[in-house]
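First comes the structure, then the notes that go with it.
Atom set for the values below is all heavy atoms of this structure, side chains included, hydrogens, waters and symmetry mates excluded.
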Number of protein chains: 2
Amino acid sequence: MRGELTAKGRATRSRIVEGAAAVLRERGVASATLDDIMARTRTSKSQLFHYFPAGKDELLVAVAQFEADHVLEDQQPYLGRLDSWEAWEQWRDVVIERYEAQGDECPLGSLFLQIGRSTPGARAIVIELMRRWQESLAAGIRSLQANGRLPAGLDVDARAAALLAAIQGGVSILLSTGRSTHLRAALHQGIADLRRAGDAVA
Amino acid sequence: MRGELTAKGRATRSRIVEGAAAVLRERGVASATLDDIMARTRTSKSQLFHYFPAGKDELLVAVAQFEADHVLEDQQPYLGRLDSWEAWEQWRDVVIERYEAQGDECPLGSLFLQIGRSTPGARAIVIELMRRWQESLAAGIRSLQANGRLPAGLDVDARAAALLAAIQGGVSILLSTGRSTHLRAALHQGIADLRRAGDAVA
DNA sequence: AATACAGTGGACTCATCAGTCCATTCGTAG
DNA sequence: CTACGAATGGACTGATGAGTCCACTGTATT
């Protein structure tokens, strides 16, 4: 199916994915229906099933992929250049700002726990996203080491994993309570502790 | 309604709540039906609506409360006595062990993001749980300060918030990827950093 | 023993929603 | 300009599941 799409077809398909993503963020995976998506994207049932023959699940996975592709992109260029403490702080502020602005309309919220558990494809997407996210953080820590701002002996992967967990937790709490206190605290403390790890040895 | 329940009624009601909780953990909030719950708890439709007149939503909130009540209880007595580094480590290991055993059947997973967003009552329950959890961690930090194992100048609330976020993130990642690496890293690093905060000043 | 009400059973209704099917239009290659 | 397949419209089906209703049973109180 993929190769046979005309330009018009491709346009419609991505209109569907983008519109579906918006609907899912607004209404949540549970209560979003194909009719909602049809209304939003000005498409008909037959179009939905034309582009996603396996039905709703296939569409959800496509949306998951679409959202996942944007999560890290949205943190650029900061996430890709974590080579100084200033860069880390800039990145931190961007992340906080972005998630505060999203409020409880989180693209990850749709993936995380909602699609993820039901369809195996979506779980793979989340795993891959986490892997890449953590790898970006690890790369940032390594470049601080290269700069001599952090000692070489640091357990980079453990640091990156803990930082990633802190972010995810902060976001989860933001989603379920509406408060960003924890996200802020997690990121500030996480980076401060990383810095202190340098001072301790240096 | 509450006050009028006979002993038999109370027994049935809690059988429903407990059974529903089990069903929700197994099948997820999205795909669990009243029929599933009826089958599991050996009750009829009329019983469900007798005890929860407002229907499924009311039952879900009751389950949320039930689960929330158990989350902190399950971490006792460790969570209540975080007055030495050994106690923190014991608590940490209990938490990790418990969540690893649960795998993706997490009571919080049901609350967090799934019930929470739809019904306002459930959100309040999650907020209260987070508050109490964080307060327990803060109390632990304060008792370390009282012992002289941590300096008095520490920002206790920020530390506790960050630690809570780390846990939640670790659990979220465990739920969506099936791996507990991040939960372990988050707790180990979090406690290690707390300890280092003491050394730095002491 | 009578009565009143909590507790229980389960058939029935009604709405919703994913998915099917066929008819029609559009776009393009020959 | 025609023929073919992609693209689209939308009515229809079937399943599912929440919630209603009424009849029946158990039990405690007087």
Would you say B:Gln47 reaches C:dT8's phosphate, i.e. side-chain N/O to OP1/OP2 under 4.0 Å?
yes

With a 4.0 Å cut-off on heavy atoms, is B:Ser44 in touch with a base, just the backbone sugar-phosphate, or nothing at all?
base

Figure out the CG/P separation between B:Asp57 and D:dA18, and round it to whole Å.
11 Å

Mutual orientation of the aromatic rings belonging to A:Phe66 and A:His70 [parallel < 30°, tilted 30-60°, perpendicular > 60°]:
tilted

If you go through the side-chain atoms of B:Lys45, does one of them form a donor-acceptor pair with the base of D:dG19 closer than 3.5 Å?
yes

Protein-nucleotide distance (A:Arg10, atom CZ; D:dA6, atom C1'), rounded to Å
13 Å

Does a side-chain N or O of B:Thr12 approach OP1 or OP2 of C:dT8 to a distance below 4.0 Å, or not?
yes

Atom CG of A:Asp35 and atom P of C:dA18 are separated, to the nearest Å, by 7 Å

Output the rounded distance in Å from CG (A:Leu34) to P (D:dG10).
17 Å

At under 4.0 Å, does any side-chain N or O of B:Lys8 touch on OP1 or OP2 of C:dG7?
no

Can we say A:Asp193 and B:Arg159 salt-bridge, meaning some charged N sits less than 4.0 Å from an Asp/Glu carboxylate O?
yes

Could you state the CG-P distance from B:Leu5 to C:dC5, rounded to the nearest angstrom?
16 Å

N or O in side chain of B:Thr6 less than 4.0 angstrom from C:dG7 OP1/OP2:
yes

Separation of D:dG9 P from A:Tyr51 OH (nearest whole Å):
10 Å

Between the base of C:dG9 and the side chain of B:Ser46, is there any donor-acceptor pair under 3.5 Å?
yes

Choose from C:dG19, D:dG19, C:dA6 the nucleotide whose nearest atom is closest to any side-chain atom of B:His50.
C:dA6

Should the pair A:Trp88 and A:Trp91 be assigned to parallel (<30°), tilted (30 to 60°) or perpendicular (>60°) ring geometry?
perpendicular

Test item: side-chain donor near acceptor, A:Gln168 and B:His182, under 3.5 Å:
no

Which distance, rounded to the nearest 0.5 Å, do you find between the CE of B:Met38 and the OG of B:Ser44?
6.5 Å

